[in-house]
Amino acid sequence: RRANYAAAIVDRDGNGDLDLVGLYENGEVIALDNDGSGWFQDSGVAASLPVLTNTTFWRALMPLSLAGPGRRDLLALGDFGGPAGQVATLVSNGAAWTNQTATRFGGAVTGAVAAAAVYPQSHLADGVLLGTFAGELELHQNVAGVLVHQPSAFGNALGLFTLASLLVD
């Protein structure tokens with residue numbers, strides 16, 4: 001199969017070997033398991049991989065830890081479809097991921113996401129920093145496994161760039 005996909009390196013099956021997970025633009029997910037010697041093969045566990053909504057084009061996939069050791073959960077980012085449809089939170093139970101965006105991502109993104117970064121809050125939990133094309137920064141702090149938007153984290157006078165200011169004639 002040939003198509004564009006975003007990739008993340010994560011220990012999908014919990015065996016200590018880093019596996020490859022790909023997210024296609026249409027929301028389909030593929031997992032390639034590391035056999036321990038550095039070779040990857042299709043995991044064949046399509047039933048344990050969620051298919052995300054195809055109302056956006058999915059562009060990025062990042063490992064993170066919502067609760068518990070190791071970065072085995074995933075944050076998917078897309079564009080189009082409006083701010084509410086461009087973030088998905090996939091939580092691992094060790095054998096499969098489930099889309100838990102409705103309960104794990106508190107507060108919609110306020111603009112079109114241009115960049116994202118996962119940052120460690122502790123050895124068991126990560127937060128997320130999002131940058132929008134309008135030059136805004138959004139902090140989503142991990143509070144008991146839920147990414148909660150913290151609108152007062154950055155002041156209004158921060159003086160961030162706008163996309164228009166970066167374009168050269």
Side-chain angles (χ1 to χ4, degrees), residues 1-81 84-109 113-131 137-150:
R1 176 177 181 171
R2 293 185 62 199
N4 293 333
Y5 64 86
I9 303 294
V10 62
D11 184 10
R12 185 199 69 79
D13 50 13
N15 66 359
D17 298 320
L18 295 176
D19 306 307
L20 177 73
V21 179
L23 173 62
Y24 290 97
E25 289 180 333
N26 68 356
E28 293 179 43
V29 180
I30 185 172
L32 302 174
D33 288 341
N34 184 338
D35 67 4
S37 67
W39 290 95
F40 294 84
Q41 57 188 339
D42 189 330
S43 66
V45 292
S48 67
L49 301 171
V51 175
L52 301 178
T53 176
N54 63 1
T55 58
T56 189
F57 291 112
W58 296 100
R59 303 288 189 203
L61 190 63
M62 301 182 324
L64 78 157
S65 176
L66 290 173
R71 289 190 169 124
R72 297 186 56 202
D73 303 316
L74 296 168
L75 183 72
L77 300 167
D79 53 18
F80 306 114
Q86 62 182 342
V87 175
T89 308
L90 307 178
V91 177
S92 173
N93 68 9
W97 283 289
T98 56
N99 186 347
Q100 296 185 12
T101 306
T103 57
R104 298 287 188 133
F105 195 84
V109 179
V113 174
V118 171
Y119 72 93
Q121 283 183 215
S122 72
H123 69 286
L124 296 178
D126 293 328
V128 176
L129 183 65
L130 300 175
L137 287 179
E138 291 186 13
L139 177 69
H140 293 264
Q141 189 172 10
N142 190 325
V143 178
V146 177
L147 295 170
V148 178
H149 184 208
Q150 304 293 324

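All figures in this text were calculated on a predicted structure; none of them were measured in a lab.
For the pair S65 (side chain) and D126 (backbone), a donor-acceptor distance under 3.5 Å is absent. Judged by distance alone, with hydrogens and angles left aside, the side-chain atoms of W97 form a donor-acceptor pair with the main-chain N or O of R72 at under 3.5 Å. Between the side chain of D73 and the backbone N or O of L66 there is at least one donor-acceptor pair closer than 3.5 Å. Panel note: side chain D33, backbone Q41; no donor-acceptor pair is recorded below 3.5 Å.
By the side chain to side chain donor-acceptor pair (under 3.5 Å) test, E25 is found to be paired with R59, residues two or more places apart in sequence or in another chain being considered. For D11, the side chain to side chain donor-acceptor pair (under 3.5 Å) criterion is met by no residue, not counting sequence neighbours. Applying the side chain to side chain donor-acceptor pair (under 3.5 Å) test to Q141 and every residue at least two apart in sequence or in another chain returns nothing. Contacts of S37 classified as side chain to side chain donor-acceptor pair (under 3.5 Å), with partners at least two apart in sequence or in another chain: D35. Residues passing the salt bridge (Lys or Arg N to Asp or Glu O under 4.0 Å) test with D19: none are found, sequence neighbours excluded. With sequence neighbours excluded, the residues forming a side chain to side chain contact (heavy atoms under 4.5 Å, CB included) with L32 are L20, I30, F40, D42, listed by chain and number. Scanning for side chain to side chain contact (heavy atoms under 4.5 Å, CB included) contacts around T103 gives Q100, with sequence neighbours left out. A116 meets the side chain to side chain contact (heavy atoms under 4.5 Å, CB included) test with M62, L77, L130; sequence neighbours excluded.
Taking the side chain as every heavy atom from C-beta outward, L64 and T89 never approach each other to under 4.5 Å. Using a 4.5 Å heavy-atom threshold, the side chains of L139 and Y119 count as touching.
In terms of heavy-atom proximity, D17 sits nearest to G36 at OD2-CA, 3.3 Å. Minimum interatomic distance between A8 and L74 (heavy atoms only, all atoms of both residues): CB-CD2, 4.0 Å. Taking all atoms of both residues into account, the shortest heavy-atom contact from Y24 to W58 is O-CB, 3.8 Å. When all heavy atoms of A60 and L23 are compared, the pair lying nearest together is O-CD2, 4.0 Å.
With rounding to the nearest 0.5 Å, the separation of CG in L52 from CD in E28 is 10.0 Å.
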Would L147 and N142 satisfy side-chain contact (heavy atoms from CB on, under 4.5 Å), going step by step from the backbone distance to the final call? CA-CA 5 Å; L147 295 170; N142 190 325; 4.2 Å; yes

